[in-house]
*Asks:* 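Shown below is the structure under consideration.
Sequence lines set the chain letters: A, B, ... in the order given, protein chains first and strands last, and positions in each chain run from 1.
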There are 2 protein chains.
Amino acid sequence: MRKEASRATGRPTLAEVAQLAGVSQITASRALRDVPTVDPVLASKVREASKALGYVPNPAARTLASARSQSVVVLVPALSNQLFIETLEAIHNVLRPRGYEVLIGNFHYSREEEEELIRNYLAIQPCGILLTGFDRTDASLRLLEANKVPCVHMMELTKADDVFSVGFSQEDAGAVVARHLLAKGKRRLAYVAAQLDARVIQRGEGFKRALAEAGVDALELAVPDPSSVGLGGELFDSLLRRHPDVDGIFFCNDDLAHGAIFEALRQGISVPGRVAFVGFNDLPMSAHIVPRLTSIHTPREDVGKHAAHLMLALLAGAEIRERTIDLGFELVVRESS
Amino acid sequence: MRKEASRATGRPTLAEVAQLAGVSQITASRALRDVPTVDPVLASKVREASKALGYVPNPAARTLASARSQSVVVLVPALSNQLFIETLEAIHNVLRPRGYEVLIGNFHYSREEEEELIRNYLAIQPCGILLTGFDRTDASLRLLEANKVPCVHMMELTKADDVFSVGFSQEDAGAVVARHLLAKGKRRLAYVAAQLDARVIQRGEGFKRALAEAGVDALELAVPDPSSVGLGGELFDSLLRRHPDVDGIFFCNDDLAHGAIFEALRQGISVPGRVAFVGFNDLPMSAHIVPRLTSIHTPREDVGKHAAHLMLALLAGAEIRERTIDLGFELVVRESS
DNA sequence: TCCCCGTAAGGTAGCGCTGTCTTAACGAAG
DNA sequence: CTTCGTTAAGACAGCGCTACCTTACGGGGA
């Protein structure tokens with residue numbers, strides 16, 4: 001029986017579980033955390049008692065005592081992009097069933113905002129952080145370093161082997177698009193981009209490098225504004241005015257490409273007859289739009305899944321052989337090119 | 001100076017702030033929480049000391065001591081629907097700057113999964129819960145009741161005045177669409193729906209009721225499958241086969257309508273000439289698709305914003321006069337009807 | 001036979017904060 | 001001048017859990 005301290009939550013505590021199981025509190029604690037030094041017989045007694053009482057551990061007490069929460073923070077640059085939603089969902093599906101809380105931070109493509117989020121989230125003593133890409137402020141890096149929180153980087157890869165990353169080569173994807181458009185006989189090619197984050201720039205680099213290797217010049221129209229369907233139409237229109245002879249466009253994401261398709265339809269411009277379009281990410285809509293959009297299919301769910309599993313391995317203190325997981329990408333050729 | 005207990009986090013604690021400010025620990029605690037019984041002079045001393053040390057409160061300790069966390073749980077039926085993303089973003093923008101953690105639970109349109117989430121999230125002793133709609137299991141209701149967590153319901157409204165809700169009338173929105181299509185001279189009208197949650201059904205009821213009042217029969221094609229662009233095309237196609245004379249369709253959301261527009265374009269069916277389309281939610285793409293889609297614009301950001309503010313008022317113990325906040329909706333007429 | 005050491009269980013003492021009760025101080029009323 | 005009520009500050013005792021250290025026990029080697 002518990003003493004009637006008015007501040008108690010009323011929920012069963014570890015002490016009650018231990019008492020019912022006839023062991024000490026610390027043994028019950030160890031049994032429920034699967035610490036291997038506990039006699040299996042005692043451990044099962046503890047689990048029975050826990051179930052009988054409907055015991056649920058108090059995360060706050062655990063965090064306070066161990067100076068480490070069961071929360072994993074995930075920082076993404078946007079939620080408006082369906083891409084990251086799918087990654088987050090995959091992360092959730094791995095971590096939640098294993099008792100981890102997933103905290104989402106949206107830094108709106110701002111390094112400063114990301115730094116602020118890191119600063120704030122460190123207060124809750126997360127057991128791990130999943131980050132998007134590698135481009136962040138020095139202060140962010142120092143904070144992460146000083147707090148010794150395991151980090152996994154998503155979406156991009158790196159040569160550095162002291163960091164963990166799960167993703168694919170954005171540059172290679174750009175190059176594949178370039179070669180695809182060249183193979184289709186297109187020669188007057190452009191990269192149209194918005195929201196110029198590191199990955200968007202890498203895609204463009206890969207695209208332009210592959211064109212240069214083929215001896216073809218690349219046009220480019222890149223604006224820092226947030227990406228949107230409407231912007232895609234505008235950018236296509238202004239590119240076309242400046243370069244009426246353009247015959248192939250690589251958009252840095254599908255949203256822009258969708259907007260361009262609508263604009264082309266309005267202007268009566270044939271796609272891919274007069275100009276071919278290629279998008280990036282392969283959002284669900286791209287398979288249905290008229291004309292269906294050729295796009296790079298990115299493994300965003302798998303990125304989330306693998307990143308979460310890598311984090312689990314780090315938390316378990318496992319020896320990691322592969323610090324870089326390249327999940328590749330796939331060019332899905334459809335009607336628009 | 002702190003004693004060198006190896007288990008300490010190394011971060012400054014409230015005790016150190018209190019010592020530097022020359023007050024007791026509890027006074028420092030009260031000062032930083034803006035408890036009104038603290039002398040303003042002492043309070044400002046405490047705030048200075050806190051800033052000087054770079055003090056950040058430990059949420060776990062606070063939660064353990066007060067038996068209530070600074071976390072607000074938000075339960076939504078889906079993240080794949082852009083609608084809820086915008087609502088979540090608005091909630092974040094209100095609650096995070098005020099020191100609350102926002103925890104997102106996605107119950108995938110499953111009452112059972114929602115119940116499970118409620119059960120699990122109660123373990124962290126959230127200070128409030130934001131819920132979507134009113135349709136949940138009895139066990140869920142009992143859990144919420146028993147734990148005395150303040151709740152705010154989003155998206156739908158209710159007559160019951162012992163609950164807090166922020167949203168708009170889904171039925172009225174359906175009725176407005178019906179009257180709009182009738183005004184356009186359409187007489188062979190259908191409701192096409194997927195993912196039949198309470199709100200989708202309410203929209204259909206409003207639509208059909210308004211048609212009945214005008215003496216017009218309503219066709220209906222409703223499937224429980226998850227909504228998607230592809231499904232919209234399929235549903236439109238099968239409706240058209242069964243009822244080639246249909247001349248106006250209300251889709252339960254924009255995704256379905258977009259898919260139908262693509263399908264119509266493929267089949268060479270004129271929209272709105274032969275059949276008019278109306279969507280629901282007014283996603284960004286609807287203003288750009290060809291033809292631009294008529295839709296009900298729903299105030300999802302405002303729903304999030306107002307729900308969060310209502311929660312803040314509840315947490316502050318304020319007296320709430322308006323327990324129901326009706327934010328309305330707007331029919332945006334475009335080319336498709 | 002004794003000692004040492006490895007392993008499993010327990011005792012103890014916090015982690016950092018806040019609820020509750022108590023005390024101190026002060027002005028107003030009798 | 002005393003008494004009382006009110007407000008502000010502090011003392012104290014946990015909240016529920018786990019890290020750390022200690023103890024108990026048994027087996028193997030000298």
Side-chain angles (χ1 to χ4, degrees), chain A residues 2-19 21-46 50 53-70 99 122-125 127, chain B residues 2-46 50 53-70 99 122-125 127 317:
Chain A
R2 319 192 61 236
K3 61 166 125 35
E4 45 260 286
S6 53
R7 293 177 57 191
T9 56
R11 256 184 281 229
T13 68
L14 189 59
E16 295 169 65
V17 173
Q19 191 178 12
V23 300
S24 74
Q25 194 174 332
I26 186 64
T27 300
S29 170
R30 288 198 268 248
L32 294 175
R33 280 179 296 144
D34 292 323
V35 174
T37 64
V38 178
D39 182 336
V41 178
L42 289 187
S44 74
K45 264 191 199 167
V46 170
S50 163
L53 291 173
Y55 171 73
V56 179
N58 181 323
R62 172 173 289 182
T63 302
L64 186 59
S66 66
R68 185 114 298 185
S69 73
Q70 291 282 99
L122 284 175
I124 64 157
Q125 297 164 302
C127 58
Chain B
R2 318 193 60 239
K3 61 167 122 50
E4 45 261 287
S6 54
R7 294 176 58 192
T9 54
R11 254 185 281 228
T13 68
L14 189 59
E16 294 170 66
V17 174
Q19 192 179 11
L20 183 61
V23 300
S24 74
Q25 193 174 333
I26 186 66
T27 300
S29 169
R30 289 198 269 246
L32 295 176
R33 280 180 295 145
D34 292 324
V35 173
T37 65
V38 179
D39 183 338
V41 178
L42 289 186
S44 75
K45 265 192 201 167
V46 170
S50 162
L53 292 173
Y55 170 73
V56 178
N58 182 323
R62 172 173 287 182
T63 302
L64 185 58
S66 66
R68 183 117 297 184
S69 73
Q70 292 283 98
L122 285 174
I124 64 156
Q125 298 163 302
C127 58

*Asks:* Please list residues of residues 38-46 of chain B whose heavy atoms come under 4.0 Å from any atom in DNA chain C, ordered by number; otherwise none.
*Replies:* none
*Asks:* Distance check: side-chain N/O of B:Arg68 vs OP1/OP2 of C:dC17, anything under 4.0 Å?
*Replies:*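 So the side-chain polar atoms of B:Arg68 never come under 4.0 Å of the phosphate oxygens OP1 or OP2 of C:dC17.
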*Asks:* Of the nucleotides C:dC17, D:dA11, D:dG16, which has the atom closest to the B:Ser24 side chain?
*Replies:* D:dA11
*Asks:* Whole angstrom is fine here: how far is it from CG in A:Asn58 over to P in D:dG14?
*Replies:* 17 Å
*Asks:* The side chain of A:Arg62 is closest to which nucleotide in this list: D:dT18, C:dG16, D:dG16?
*Replies:* D:dT18
*Asks:* By the 4.0 Å heavy-atom rule, please label B:Arg30 as base, sugar-phosphate, or nothing.
*Replies:*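 Base, at least one base heavy atom under 4.0 Å.
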*Asks:* Between B:Thr9 and C:dG16, does any side-chain N or O lie under 4.0 Å from OP1 or OP2?
*Replies:*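 Yes, such a contact exists.
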*Asks:* For the atom pair OG1 (B:Thr9) and CZ (A:Arg68), what is the distance rounded to the nearest 0.5 Å?
*Replies:*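 Between B:Thr9 OG1 and A:Arg68 CZ, I get 10.5 Å after rounding to 0.5 Å.
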*Asks:* Can you measure from CD (B:Gln125) to CZ (A:Arg11) and round to the nearest 0.5 angstrom?
*Replies:* 4.5 Å
*Asks:* Roughly how many Å is it from CD in A:Gln19 to P in C:dA9, rounded to a whole number?
*Replies:*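 A:Gln19 atom CD is separated from C:dA9 atom P by 19 Å.
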*Asks:* Just so I know, are the side chains of A:Leu32 and A:Ser50 near enough to count as touching, which here means a heavy-atom distance under 4.5 Å?
*Replies:* yes
*Asks:* At their closest point, which heavy atom of A:Thr13 faces which heavy atom of A:Tyr55, and how far apart are they?
*Replies:*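 Scanning both residues, the minimum pair turns out to be C-CE1, 3.5 Å.
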*Asks:* Can you tell me if the side-chain N/O atoms of B:Thr37 get under 4.0 Å from OP1 or OP2 in D:dT7?
*Replies:*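 Checking B:Thr37 against D:dT7: no side-chain N or O falls below 4.0 Å of OP1 or OP2.
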*Asks:* Could you check how far CG of B:Leu14 sits from P of D:dC15, rounded to whole Å?
*Replies:* 20 Å
*Asks:* Please give, in whole Å, the distance from C:dG19 P to B:Leu64 CG?
*Replies:*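 To the nearest whole Å, that distance equals 12 Å.
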*Asks:* Starting from P on C:dG14, measure out to CD on B:Gln25 and report it in whole angstrom.
*Replies:*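 The distance from CD of B:Gln25 to P of C:dG14 comes to 15 Å, rounded to the nearest Å.
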*Asks:* Can you measure from CG (A:Leu42) to CZ (A:Arg30) and round to the nearest 0.5 angstrom?
*Replies:* 11.0 Å
*Asks:* Measuring from atom CZ of B:Arg62 to atom CG of B:Leu14, what distance do you get when rounded to the nearest 0.5 angstrom?
*Replies:* 9.0 Å
*Asks:* Using a cut-off of strictly less than 4.0 Å, decide whether B:Thr27 has a side-chain nitrogen or oxygen near OP1 or OP2 of D:dG10.
*Replies:*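 Checking D:dG10 against B:Thr27, a side-chain N or O does come within under 4.0 Å of OP1 or OP2.
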*Asks:* Of the listed nucleotides (C:dA8, D:dC17, C:dT20), which one gets closest to any side-chain atom of B:Ile26?
*Replies:*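 Among C:dA8, D:dC17, C:dT20, the one nearest the side chain of B:Ile26 is C:dT20.
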*Asks:* Can you tell me if B:Arg33 touches the phosphate of C:dT18, counting only side-chain N or O atoms and a distance under 4.0 Å to OP1 or OP2?
*Replies:* yes
*Asks:* Please round to the nearest 0.5 Å and tell me the distance separating atom NZ of A:Lys45 and atom OG1 of A:Thr27.
*Replies:* 11.5 Å
*Asks:* How long is the line joining CD of A:Glu16 and C1' of D:dG16, in whole Å?
*Replies:* 11 Å
*Asks:* Round to a whole Å and report the spacing from CD of B:Gln125 to C1' of D:dC17.
*Replies:*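 The distance from CD of B:Gln125 to C1' of D:dC17 comes to 13 Å, rounded to the nearest Å.
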*Asks:* Under 4.0 Å: is that the gap between some side-chain N or O of B:Ser66 and OP1 or OP2 of C:dT18?
*Replies:*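 So the side-chain polar atoms of B:Ser66 never come under 4.0 Å of the phosphate oxygens OP1 or OP2 of C:dT18.
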